[in-house]
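Throughout, protein chains are lettered first and strands after them, A, B, ... in sequence-line order, and every chain is numbered starting at 1. As the structure is a computational prediction, the values presented were derived from the model and not from experiment. Side-chain atoms are counted along with the backbone in the values below, which use heavy atoms only and exclude waters and symmetry mates.
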There are 2 protein chains.
Amino acid sequence: MKNYELVLHRVEADLAAGRLRIGGRLPGERTLAEQLGISRPSVREAVRVLEAMGVVRTATGSGPEAGAVIVAEPVSPLTAVLRLHLATNHLPMGDVVQTRLLLESWSAREAAARELGAGELKVAEELLDRMDDAGLSPEEFHLLDAEFHVALSGLAGNVLIAAVMTSLRSAIHGYVLAAVPNLPDWEATAVGLRSEHRAILAAVRGGEPEHAAELVTAHIRGFYQAAQLTPFGGTQRGAAEAEDDDRADDEVK
Amino acid sequence: MKNYELVLHRVEADLAAGRLRIGGRLPGERTLAEQLGISRPSVREAVRVLEAMGVVRTATGSGPEAGAVIVAEPVSPLTAVLRLHLATNHLPMGDVVQTRLLLESWSAREAAARELGAGELKVAEELLDRMDDAGLSPEEFHLLDAEFHVALSGLAGNVLIAAVMTSLRSAIHGYVLAAVPNLPDWEATAVGLRSEHRAILAAVRGGEPEHAAELVTAHIRGFYQAAQLTPFGGTQRGAAEAEDDDRADDEVK
DNA sequence: CTACCGGTGTGGTCGGACCACAGGATAGGG
DNA sequence: CCCTATCCTGTGGTCCGACCACACCGGTAG
């Protein structure tokens, strides 16, 4: 058992038992080290892990905001894990896009099935309004687009799926942006995307689950096909080739 | 910019550029510290984070197995994040179960749609055979059950979804096990589960996507209802109440 | 040729030290 | 009496140097 794990278990147990709650603070690193009979560096390693997991937020200084404060931020760790594993090429981008498709169509169906008030739809609505600005660059447009899709998936009321969706979008962002030049006519595409967004939102507002899900699916598929990205039919794998590709023994040594 | 992030960015960049690949090794902690102009403790914090993210595996000693070896293990970090955030009570178990239902039914549909050879189904098959043993305790049975469901979701060929499913099962495990006493008749339930599993596998083998998905959905819903767990209709939220519940100012101070 | 046994490099841990930062206590001036 | 400027204190952030346990690997004695 490595020493820093003592801290992780301690914190998890305290959380589960209610001794630690959101907004609460961890004891100081020195205190924690003494309590657990380990050194401060070990404690620090654990705190770093907790920070990376989105469980604490550290800040220097004094006062209630300083120290290691318990938070609940599942999105950043998910995003980080996703990005790192995409970088290893053992996580095919096609799988990520496929997952996004699944989560989003489900979210749209679920959101449409709920009875949503105008207030809940307002955020998404405003995003669409901002996307009508013709002066937006593809990057700005796509950022708003991502926000809209994330907001939509949040309307289904499942915080886990919403968190995963947010991470997926972040991971995909650079990928899809790099494919914009593949589009035959960006302006025409943007017009199409705008109207599709409006239609999706209308279906959600109107309480048409199946229709909303279909629109979302077509919307996403359509864009990826137009940008000549990920084939959805096959299961193209980036991992397998990378593995065969192992010849180079050019390690730093 | 914190110092340990230098290491994270360096490693991510090296991964993306192909300078680091699975099976490769990070430079030694001392070397890395010198290269980046930071201290060894800072490097160690970063390595700990990478380890927690499932990107490296550290080992002491000498030889090719020692040091920080690049791996691709997305399951453990996902599981850890899930467990920690469940512990904070800001991640409703109902959402987790709902997500599981979504991923599994999709996986079953997808797996049935593919043309799977007998070899690919063999693992799942063997698990079912082992579950026929009448002497299994509920815990042992449920472990095999979880393995079967995970194996099934792996047949869809999406490594991301399979990884997430594995994590979800781990997170759910204790929860569902604690509900076994709610069942009116464990033995009868086990018999039902066994036959449902066989039916699901048959639908997958027979290439009946919709049927497989329906069977999986019914299978999961049925069990949770029998065990009087998570209502699927409403969106019961554990988070909201926990927030209101904030009165206690009994922080350690 | 074989078996033993240090050398060497790896991560794991520790203690102590210093810094930057931010809030709060305190002493000073108005 | 109140307000303000200053110092004190506690926090994380970083670093250094040291020692340990471990596992391979090569030299050496048998």
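Judged by closest nucleotide on DNA chain C, B:Gly67 is the one of B:Gly67 and B:Pro41 placed further toward the 5' end.
Remark: B:Thr60 is not in phosphate contact with D:dC22, judged by side-chain N or O atoms under 4.0 Å from OP1 or OP2. Taking 4.0 angstrom as the limit, B:Ser62 places none of its side-chain polar atoms (N or O) nearer than this to OP1 or OP2 of D:dC22. Dashed line: the shortest gap from a side-chain N or O of B:Arg48 to OP1 or OP2 of C:dG12 is under 4.0 Å. Within the 4.0 Å cut-off from OP1 or OP2 of D:dG12, not a single side-chain nitrogen or oxygen of A:Arg44 is found. In terms of phosphate contacts, A:Ser42 brings a side-chain nitrogen or oxygen within less than 4.0 Å of OP1 or OP2 of C:dC14.
Distance CD (B:Glu34) to C1' (C:dG9): 15 Å, rounded to an integer number of Å. The distance from atom NZ of A:Lys2 to atom C1' of C:dT13 is 13 Å, rounded to the nearest whole Å. Taking atom CD of A:Glu29 as the reference point, atom P of D:dG13 lies 6 Å away to the nearest angstrom. Rounded to whole angstrom, the span from the CD1 atom of A:Ile38 across to the P atom of C:dG15 amounts to 10 Å. Taking atom CZ on B:Arg57 and atom P on C:dT10, their separation rounds to 16 Å, with Å as the unit. Distance, B:Leu32 CG to C:dT10 P: 12 Å, rounded to whole Å. Atom pair B:Asn3:CG and D:dC15:P shows a separation of 4 Å (rounding to whole Å applied). One interatomic measurement links the two molecules: CD of B:Glu45 to C1' of D:dT14, which rounds to 9 Å at whole-angstrom precision.
Under 3.5 Å, the side chains of B:Thr79 and B:Ser167 contain a donor-acceptor pair of N or O atoms. With no hydrogens or angles considered, a side-chain donor-acceptor pair links B:Glu51 and B:Thr58 at under 3.5 Å. A:Tyr224 and A:Arg100 are linked by a side-chain donor-acceptor pair at a separation below 3.5 angstrom, with hydrogens and angles left out of the test.
Partner B:Arg40 forms a side-chain hydrogen bond (donor to acceptor under 3.5 Å, both in side chains) with one of B:Glu34, B:Glu29, B:Glu45 and no other, that one being B:Glu29.
For C:dG16, its base never sits under 3.5 Å from the side chain of A:Arg30 at any donor and acceptor pair.
Aromatic rings of A:His173 and A:His142 (six-membered ring for Trp) have centroids within the 6.0 Å cut-off, being under it.
Nearest to the side-chain atoms of A:Thr58 among the listed nucleotides D:dG12, C:dT13, D:dT11 stands D:dG12.
Nucleic acid contact class of B:Gly61 (heavy atoms, under 4.0 Å, all strands): base.
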